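Below is one structure, written out as structure tokens; comments come after it.
Since the structure is predicted, the reported quantities are computational estimates derived from the model, not experimental observations.
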Amino acid sequence: MEKLKKRSEQEKNDCWDLSVMIKNEQDYQEKMEKAKNLNQEIVQMKGHILDNKETLKKFLEISEKENRLIELLYIFVYLKFDEDTSNSTVLARKLEIEQLLNTFSDNESFVVSEFMKKDLQDILPWLKEDEYLKNYQVYFERLDRQKKYILSEKEEKIITKALNAFGTPDDAFTALDTTDAVFGDVLLDDGTKEKLTQYNWPLFLENPSQSVRKRAFHIFYEYYCQHKNTFATLLKGNYQELEFLRDIRGFDSALAMALDKICVSPNVYDNLIKNVHKYMDINVEYQKIKAQVLNNKEYHLYDTYVPIIELDQKEFTKDEAIKIVKEALKPLKEEYLKKFQSIFDSHAVDFYPNEYKHNGAYHWGCFDSPSYVLLNFNGSYDSASTLAHELGHAVHSVYSKENNSYEYYSYDTFIAEIASTVNETLLSFYFLKNAKSKKEKMYFLCEFLDKIKATIYRQTMFAEFESIMSKKCQEKESLTEEEFSSTYYKLNQEYFKDSVIIDPEIRYEWMRISHFYSPFYVYKYATGLISAICIVKDIMDGKEGFVEKYIEFLKSGCNKEVLDILKIVDVDLTTDEPFEKAFAFVAECLNNLKEIINEGGELNE
């Protein structure tokens with residue numbers, strides 16, 4: 001394995017340039033001091049924000065300046081830390097900025113309650129009379145809609161402090177699931193042993209040997225079985241925190257509370273689950289095809305991750321990967337491609353891994369910074385796909401910032417995953433279209449169908465589990481380990497039917513799903529991919545004027561509610577239509593795979 005470079009050894013052109021955000025130490029300290037002063041100006045306005053039109057305007061101007069500064073400082077520190085996590089100076093600064101955010105939040109807990117003292121109708125005339133205030137009309141309309149859930153100033157301050165104290169279940173879960181987790185050694189087929197960790201667990205599931213996969217599966221879940229009551233207590237505590245907030249704010253359900261923030265009805269959540277159940281047989285059939293191709297005596301859950309076809313992996317250079325992704329994105333037209341290239345031209349991409357660099361990949365930035373992208377590019381197909389995905393986020397952010405004021409540039413994750421997944425899917429089908437053999441076609445079809453299984457079926461199963469357990473908590477039912485585990489096991493039986501042997505150990509898998517500590521989040525992955533498939537289908541079909549609609553979608557930020565933004569690209573998740581369209585596309589891909597398999601012959605043809 002090639003030794004990782006030190007951060008100082010990386011080529012300048014392969015690293016992001018954070019000096020655009022903060023020039024030097026003096027600049028950092030000056031911005032920090034300015035943010036603190038602005039926070040104190042807000043505190044001094046307590047009780048007087050809504051005295052008149054001028055005081056409201058003054059507050060909003062100060063608040064925007066403060067928020068923009070603190071976002072810039074916060075993101076700068078985190079990006080700086082992620083490029084070298086061994087930097088103790090930056091770590092100390094990271095803790096400092098987190099504490100500052102908590103202080104600001106505590107200091108300003110009175111603001112929402114103060115807004116609640118006036119009716120929207122009293123504020124509307126001010127908003128119409130002033131050009132600056134007019135921009136905040138949607139903001140106040142959203143606030144007014146939430147009015148019945150906002151409590152007194154004293155109660156809101158208590159909730160703010162409680163929220164700062166909450167998080168123990170999440171923190172304890174992280175320690176138990178990662179820091180303190182010790183697994184056994186897995187016996188390999190050659191007689192040697194390899195230590196099992198959270199990091200190589202996915203690789204064991206893709207091991208070509210079924211016996212190795214089986215041994216790793218049993219060892220992995222043995223750890224969770226040994227700590228099952230602790231994991232159950234932690235997740236129970238998480239649901240109890242959620243129920244506390246639901247009860248004190250007066251929502252009908254925890255789900256309604258989570259979705260209310262983005263004006264989405266629980267019916268959308270339920271509609272996803274209903275439709276995924278309706279089209280569950282597509283994945284069931286795909287799993288049976290995988291079982292047939294693998295040709296093992298039995299097909300277990302730990303076999304569902306292994307590829308049924310392997311390609312000789314091409315190694316892409318950085319420039320080759322960028323060129324291929326741009327080719328795949330050509331259907332999005334010239335303006336989009338210019339925005340794509342601008343991310344690289346502004347030195348906003350940190351390309352290669354180095355010692356102590358944060359793992360994985362992400363996009364992050366703020367209103368006053370470039371759209372930064374962190375990668376750990378290694379030349380593989382997956383790396384090229386990740387590049388397409390993260391640049392989808394980055395270009396979305398560029399469009400949003402260019403077409404919205406600060407108040408409306410930041411879009412919700414409900415929307416965010418769509419733009420990235422559109423890019424990723426366009427790249428998959430670019431490779432499929434340009435495949436030179438049956439083997440390559442099979443590989444890219446399976447890669448897409450595996451993504452459907454992981455992102456639509458699996459995430460919806462998680463969403464259904466969350467819905468069931470939060471209802472049980474609200475109804476004061478006992479949330480024991482047995483209740484969690486038996487519910488999760490039954491869901492696996494429902495989703496896989498007779499296509500797979502449902503191993504008893506899978507009843508413990510819920511214990512390792514970190515997203516359960518961010519309640520009602522995972523459904524967005526499923527709705528995001530459903531929406532992205534509908535968009536890609538219309539792009540690939542050359543639907544007249546559709547690319548222009550998609551660009552309008554990218555420009556929207558949060559200036560409309562998320563479901564209305566999706567309607568720009570003809571996706572209405574309150575109906576069955578996008579699910580019918582998306583799953584018809586998936587079924588077509590499955591039929592193409594079946595045709596290749598049934599043709600027989602040499603795969604390299």
Side-chain angles (χ1 to χ4, degrees), residues 112 145-152 155-156 158-173 228-277 412-414 459-492 494-495 507-527 562 573-574:
V112 174
R145 181 175 52 79
Q146 296 175 329
K147 193 169 187 176
K148 62 182 176 179
Y149 304 116
I150 304 298
L151 307 178
S152 70
E155 289 168 319
E156 286 296 331
I158 291 170
I159 290 174
T160 299
K161 287 185 177 295
L163 288 174
N164 288 338
F166 284 174
T168 298
D170 189 6
D171 293 342
F173 161 80
K228 61 184 181 181
N229 292 316
T230 305
F231 278 109
T233 302
L234 294 175
L235 193 54
K236 174 185 173 182
N238 194 67
Y239 281 117
Q240 287 175 331
E241 287 180 2
L242 198 63
E243 176 58 17
F244 163 78
L245 289 173
R246 181 211 67 79
D247 185 38
I248 202 168
R249 292 211 180 275
F251 283 93
D252 292 337
S253 67
L255 175 61
M257 179 172 69
L259 272 57
D260 181 73
K261 297 170 188 173
I262 55 171
C263 201
V264 170
S265 164
N267 293 336
V268 171
Y269 196 95
D270 296 336
N271 194 43
L272 166 70
I273 294 171
K274 180 197 79 173
N275 273 285
V276 169
H277 274 268
D412 188 78
T413 49
F414 190 94
Q459 301 300 329
T460 302
M461 183 178 76
F462 291 167
E464 189 168 356
F465 176 80
E466 285 189 280
S467 178
I468 292 168
M469 301 318 298
S470 67
K471 285 175 185 174
K472 287 180 182 292
C473 185
Q474 185 173 340
E475 292 163 5
K476 306 293 188 264
E477 292 186 29
S478 181
L479 297 187
T480 62
E481 179 274 322
E482 176 56 33
E483 194 64 38
F484 283 125
S485 297
S486 60
T487 300
Y488 192 82
Y489 187 80
K490 287 173 187 173
L491 284 171
N492 272 273
E494 286 180 36
Y495 275 71
R507 64 187 283 111
Y508 304 127
E509 188 183 37
W510 62 267
M511 300 177 190
R512 58 176 296 266
I513 308 302
S514 60
H515 275 112
F516 289 157
Y517 293 85
S518 302
F520 305 112
Y521 183 91
V522 293
Y523 82 98
K524 297 177 184 181
Y525 291 121
T527 56
V562 291
L573 291 171
T574 65

Would a 4.5 Å heavy-atom cut-off, applied to side chains only, mark [X] and [Y] as touching?
| X | Y | value |
| --- | --- | --- |
| Phe516 | Phe484 | no |
| Pro519 | Asn238 | yes |
| Phe465 | Val522 | no |
| Val264 | Val562 | yes |

Once salt bridge (Lys or Arg N to Asp or Glu O under 4.0 Å) is applied, what residue pairs with a partner in [range] remain, sequence neighbours excluded?
| range | result |
| --- | --- |
| residues 463-473 | Lys472-Glu477, Lys472-Glu483 |
| residues 515-525 | Asp412-Lys524 |
| residues 254-273 | Arg145-Asp260 |

Under the side-chain hydrogen bond (donor to acceptor under 3.5 Å, both in side chains) test, residues paired with [X] that sit two or more places apart:
| X | answer |
| --- | --- |
| Ser485 | Glu481, Trp510 |
| Arg512 | none |
| Ser514 | none |
| Glu243 | Arg246 |

Partners passing salt bridge (Lys or Arg N to Asp or Glu O under 4.0 Å) against Glu482 (at least two apart in sequence or in another chain):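 Partners of Glu482 under the salt bridge (Lys or Arg N to Asp or Glu O under 4.0 Å) test: Arg507.
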
Under the ring pair (Phe, Tyr, Trp, His ring centres under 6.0 Å) test, which residues partner [X], sequence neighbours left out?
| X | answer |
| --- | --- |
| His515 | Tyr521, Tyr525 |
| Phe173 | Tyr517 |
| Phe520 | Tyr269 |

Exercise answer: donor-acceptor pairs, residues 228-237 side-chain atoms, under 3.5 Å, sequence neighbours excluded:
residue, atom, partner, partner atom, Å
Thr233, OG1, Asn229, O, 2.8

Closest heavy-atom pair and its distance - Val276, Thr460: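 Heavy atoms only, the tightest pair is CG2-OG1, 3.6 Å.
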
Minimal non-hydrogen separation, Met257 against Leu242, with atom names: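 Nearest pair, atom of Met257 first, then Leu242: CE-O, 3.6 Å.
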
NZ/Lys490: more than 12 non-hydrogen atoms of other groups inside 6.0 Å: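 Not buried by this count: 12 neighbours or fewer within 6.0 Å.
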
Rounded distance [0.5 Å steps], CZ in Phe251 versus CG in Leu245: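 Going from the CZ atom of Phe251 to the CG atom of Leu245 covers 10.0 Å.
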
